[in-house]
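All remarks here apply to the structure that follows.
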Amino acid sequence: MKYYGILLIAILVLLGGCEVKKPTKPKWDVDLAVPLINETYLVSDLVDDVNIITDTNDVLTLTSTGDVATPTFGNVSFTPPPTAGIENADIPSGVPIQQSIPFLDPTGEVLFAYASIAEGVIQTKFTNMHPSADIEIEFGNIFTATNEKLRIIATPSTDWVNHSLVGCHFGLIDSDEVIEEMQIKITSTSNQPIGTEIATMGLKMNLPMAFDEIKGKLYNFTMGLQESLASIEIEYPQGLNQAITLQDATITMILQNDLEFDAEFSGQFYAYNEDGDEVTVPILTDNGQNFHVTPGANTLEVHNSIASLLDIMPTHIEIVNGLFTIQSGEVLGSVRASDKIELDYVVKAPFTFTLHPQDIVVKEEIDIPISGENAKRIEKNALSARLELNILNKVPVGATATAYFSDTPNIDVADNNTYKYTKVTTIYASNSPEGGSDQMVELTLTRDELMLFSNPHVYLKWKFSFMESGTPVTIYATSADYLRIKSMLYAKISVEY
């Protein structure tokens, strides 16, 4: 018993010298993974079927269209020879008179086999006319609206009498012979003996005329374009015009020539860009010649002569000094006053370009929602954090990517008051040694930077600073051409139980 008493006393002494502490909760450090973004930027999303299209080879192509026309051709002016007429001819009773009057254009500009007369008169004067005289003039190649030969019945007058030719026409529509002379036939009757002079006649056909339709040949006739309508505006997506220089372009002009005449087209393309740079280039074939236009539909393509136009990446293009010069060949042509030449033109520039260092800001902002539970954990228990990016670039363009983070929307990359901080990484071109496969990028966050993710929403905007390409690259717009960026936030969280 004595032994057990001593042992009990010893235990009590030991317990009296110990401090019994309050039990504590266990702690663990855990990793919190928060998905942030999973964005795929397809090249094909740039296609709007208006300014950006794809060609038959799926190459991304910049395009813009315009249209323009000449004024209507209008009436063709014609001035007969000054000598076109007959002066003081004695008319014998009962004796027919046949006479040819030269009628070719003295300038040689208008030759016709048929001409519809919009303006014109013939003048006659019959003096010393016997009271019983009946005199008629028949014109062998002037016809009325009913295709009957024009006839004028003489009336006595000491002054010139005007006979309107409006509605009449020279020649017949199916004629292929140019009219060089007017054929005149004068017949008369009276109660006087045959051969007796019964009047003195004067005839003038030398006053200016106008035709609203002709079939023939025209020389030195031109038609200008309405330049105020001959312009197009080009819009580049995301300010791309500052970042690239296009290597190739074609301006295709679809031209409808109502005239039944060939023509030569000349003119220039005048262009300027948003920086005020200007350039004017001639509209020429690849052989350096003016375009030849035939009647009906024509397709004209301008290629080689617009290289200097591409150098300034124009935002405005217009046709200036556009001129059609009528060309008459051996075959007769035809034209009506209402005829004109219409021209639709399309600028197409495939996205084959050299790339320059230039910042492109993506307009769309990304809204990243943070759950209440994760926001609370980050605010109270976060120890450290990092951002991990998984980047897959399938486009042959490299860039430095800058991510702008904020807890409020409407980030302006030029105003550091609109965002909290930035993170920068490199995106390699798909055709570079480092590109074409997944890039894993890890970005460390400070505690202050991490606290941004304790907000219910985080806003992100991207800026891409392109790298100089050195050599031309071509951008395609298939489903295999894209940039994909995935991002995760990994935070070390202290948790108590």
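FYI, the numbering just counts along the sequence from 1.
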Quick check: [Y] with [X] (ring centres under 6.0 Å apart)?
| X | Y | answer |
| --- | --- | --- |
| Y419 | Y404 | yes |
| H169 | Y114 | yes |
| F103 | F170 | yes |
| F78 | F112 | yes |

Can you confirm whether more than 12 heavy atoms, excluding those of [X], are under 6.0 Å from its [atom1] atom?
| X | atom1 | result |
| --- | --- | --- |
| E87 | CD | no |
| L172 | CG | yes |
| E177 | CD | no |

E342: partners by salt bridge (Lys or Arg N to Asp or Glu O under 4.0 Å), with sequence neighbours left out
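With neighbours one apart ignored, the set is K340.
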Output all residues satisfying salt bridge (Lys or Arg N to Asp or Glu O under 4.0 Å) with R484, sequence neighbours left out; order by chain, then residue number.
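Salt bridge (Lys or Arg N to Asp or Glu O under 4.0 Å) list for R484, sorted by chain: D438.
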Do [X] and [Y] come within less than 4.5 Å of each other through their side chains, counting heavy atoms only?
| X | Y | value |
| --- | --- | --- |
| M253 | L255 | no |
| I244 | T354 | no |
| I101 | M205 | yes |
| L218 | E109 | no |
| E233 | I317 | no |
| I122 | I142 | yes |

Does the distance from a Lys or Arg side-chain N to an Asp or Glu carboxylate O, for K215 and D176, drop under 4.0 Å?
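The answer is yes: the pair qualifies as a salt bridge.
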Do [X] side-chain atoms and [Y] backbone N/O form a donor-acceptor pair below 3.5 Å?
| X | Y | value |
| --- | --- | --- |
| E365 | N410 | yes |
| D275 | D277 | no |
| T70 | M223 | no |
| Q247 | T245 | yes |
| D286 | E301 | no |
| N128 | T200 | no |
| S190 | S132 | no |
| S406 | T418 | yes |
| N257 | L259 | yes |
| N287 | Q289 | no |

Look up atom [atom1] in [X] and atom [atom2] in [Y], then write down how far apart they are to the nearest 0.5 Å.
| X | Y | atom1 | atom2 | answer |
| --- | --- | --- | --- | --- |
| Q358 | S465 | CD | OG | 8.5 Å |
| N298 | F291 | CG | CZ | 10.5 Å |
| Y219 | S328 | OH | OG | 5.0 Å |
| Y345 | S64 | OH | OG | 8.5 Å |

Could you check L355, T426, V397 and say which one makes a side chain to side chain contact (heavy atoms under 4.5 Å, CB included) with M467?
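It is T426, the one option of L355, T426, V397 that forms the side chain to side chain contact (heavy atoms under 4.5 Å, CB included) with M467.
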Pick from I475, I52, I53, V47: which one makes a side chain to side chain contact (heavy atoms under 4.5 Å, CB included) with T61?
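So, applying the side chain to side chain contact (heavy atoms under 4.5 Å, CB included) to T61 and each of I475, I52, I53, V47, only I53 qualifies.
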For T478 and D481: C-alpha separation, side-chain torsions, deciding distance, then whether side-chain hydrogen bond (donor to acceptor under 3.5 Å, both in side chains) applies.
CA-CA 6 Å; T478 70; D481 301 285; 2.5 Å; yes
Scan residues 132-157 for pairs that pass salt bridge (Lys or Arg N to Asp or Glu O under 4.0 Å), counting only residues two or more places apart or in two chains.
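Sorted result for residues 132-157: E136-R151, E138-R151.
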What pairs meet the salt bridge (Lys or Arg N to Asp or Glu O under 4.0 Å) rule with one or both residues in residues 463-480, with sequence neighbours excluded?
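Non-adjacent pairs meeting salt bridge (Lys or Arg N to Asp or Glu O under 4.0 Å): D359-K463.
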For T144, what residues pass the side chain to side chain donor-acceptor pair (under 3.5 Å) criterion, not counting sequence neighbours?
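In terms of side chain to side chain donor-acceptor pair (under 3.5 Å), with neighbours along the sequence ignored, T144 is linked to T146.
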Any donor-acceptor N or O pair under 3.5 Å, side chains T250, T252:
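Note: T250 and T252 side chains miss the donor-acceptor criterion.
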Between H130 and Q192, do the side chains contain a donor N or O and an acceptor N or O under 3.5 Å apart?
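A pair is found: one side chain offers a donor N or O, the other an acceptor, under 3.5 Å apart.
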Those residues that, when tested against S437, pass side chain to side chain contact (heavy atoms under 4.5 Å, CB included) (two or more places apart):
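Checked S437 against side chain to side chain contact (heavy atoms under 4.5 Å, CB included); zero matches.
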For the residue pair F464 and W462, categorise the inter-ring angle as parallel (less than 30°), tilted (30 to 60°) or perpendicular (more than 60°).
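Because their plane-to-plane angle is under 30°, the rings of F464 and W462 count as parallel.
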